[in-house]
Structure formats: C-alpha cells, structure tokens
Amino acid sequence: FTLLSKAVMNEVDKLEGILEREIEECGDSAPSGKSIELRGSIKKVMADPKVIECLDRLEVQGEPVWGLSSSERDLIQMARQKVNDC
C-alpha cells in the first residue's frame, strides 16, 4: 500500500511542478488550458477510488497506522490533505 502511495504522490508532485512552471510562465490571472488540465489531472489522481481505499487502509481514526516510518507517516498525512483539498 505504501508503494502505491509513494507512486501516486510522486506523480502528483511531478504534475504540481509542471503546473507551477506553467503559472510562472503564463501567470495565474487568466488560467491557461494547460493549467486547467493539470489541475484536473491532479484532482483525478487524488480522487481515484484506489487511492482513497489505500489511504483508508493506512489510517485509523484519521491518523496513520502503527508500524509506518516517520517518512511514510508524513507521506500518508500529505496524501490525505491533498485528497481533502480536492
């Protein structure tokens, strides 16, 4: 499960990096088609039922399960925040 989470978060980080560069180049006052597409892609990845199920299995009462490393716990918390933001 944590491998899936790492892969998803790596993909989202990559998309967010591209989005940031797009915003820097074009400005964010009038979103470009590409920036809208990137935001949609991020939302689609984070709202995927497999991602939600994975996070649900890695959390108990809103907190990461026992046995995860501190970096894995941080990853799970960051992933949940991104899901909630979508």
Side-chain angles (χ1 to χ4, degrees):
F1 292 116
T2 56
L3 290 176
L4 174 63
S5 297
K6 287 179 185 177
V8 167
M9 293 309 292
N10 285 339
E11 183 178 347
V12 169
D13 284 343
K14 183 173 73 172
L15 290 170
E16 286 180 335
I18 296 169
L19 177 60
E20 287 176 12
R21 285 191 299 278
E22 179 71 16
I23 290 171
E24 286 174 4
E25 291 173 8
C26 300
D28 197 30
S29 58
S32 68
K34 186 173 181 180
S35 67
I36 292 169
E37 181 181 330
L38 288 165
R39 285 185 178 113
S41 295
I42 293 168
K43 189 173 188 171
K44 182 178 178 181
V45 168
M46 295 311 296
D48 185 307
K50 291 179 183 177
V51 172
I52 303 297
E53 179 185 355
C54 179
L55 281 176
D56 288 344
R57 290 175 182 252
L58 290 168
E59 290 179 318
V60 173
Q61 297 179 350
E63 294 295 323
V65 297
W66 286 93
L68 297 176
S69 69
S70 61
S71 63
E72 290 170 333
R73 292 176 63 82
D74 292 342
L75 179 74
I76 299 306
Q77 290 172 330
M78 184 173 46
R80 178 55 74 182
Q81 183 62 45
K82 290 199 181 295
V83 166
N84 291 343
D85 290 346
C86 289

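Along the sequence shown, residues carry numbers from 1. All heavy atoms count here, side chains included; hydrogens, waters and symmetry mates do not.
The NZ atom of Lys14 lies 14.0 Å from the CG atom of Leu19; values are rounded to the nearest 0.5 Å. Ile42 CD1 to Glu16 CD: the interatomic distance, rounded to the nearest 0.5 Å, is 4.5 Å. Between the CG atom of Leu68 and the CD atom of Glu59 there is a distance of 10.0 Å, given to the nearest 0.5 Å. Between the NZ atom of Lys82 and the CG atom of Asp85 there is a distance of 7.0 Å, given to the nearest 0.5 Å. The line from OG of Ser32 to CG of Leu38 is 7.5 Å long, rounded to the nearest 0.5 Å. Between the OG atom of Ser70 and the CG atom of Leu75 there is a distance of 11.5 Å, given to the nearest 0.5 Å.
Here the shortest heavy-atom pairing between Val45 and Val51 reads O-CG2, 3.4 Å. Scanning both residues, Cys86 and Lys43, for their nearest heavy atoms gives O-CE, 3.4 Å. Considering all non-hydrogen atoms of both residues, Val65 and Arg57 come closest at CG1-O, 3.8 Å.
Looking at heavy atoms from C-beta onward, Met46 lies in side-chain contact with Met9 at the 4.5 angstrom threshold. Between Glu37 and Glu22, the closest side-chain pair of non-hydrogen atoms is not below 4.5 Å. For the pair Arg39/Ser35, a side-chain contact is recorded, criterion being any heavy-atom separation below 4.5 Å from C-beta on. Contact annotation: the side chain of Arg80 approaches that of Asp56 to within less than 4.5 Å [non-hydrogen atoms, C-beta and beyond]. Residues Ile18 and Arg21 meet the side-chain proximity criterion, which asks for heavy atoms closer than 4.5 Å. Looking only at side-chain heavy atoms (C-beta outward), Glu63 and Gln77 come within less than 4.5 Å of each other.
The same ILVMFWY cluster, assembled from side-chain heavy atoms under 4.5 Å apart, contains both Val60 and Ile52. Residues Leu15 and Met78 fall within the same hydrophobic cluster, defined by Ile, Leu, Val, Met, Phe, Trp and Tyr side chains chained together at heavy-atom separations under 4.5 Å.
Taking 4.0 Å as the cut-off between side-chain N and carboxylate O, Glu25 and Lys34 do not count as a salt-bridged pair.
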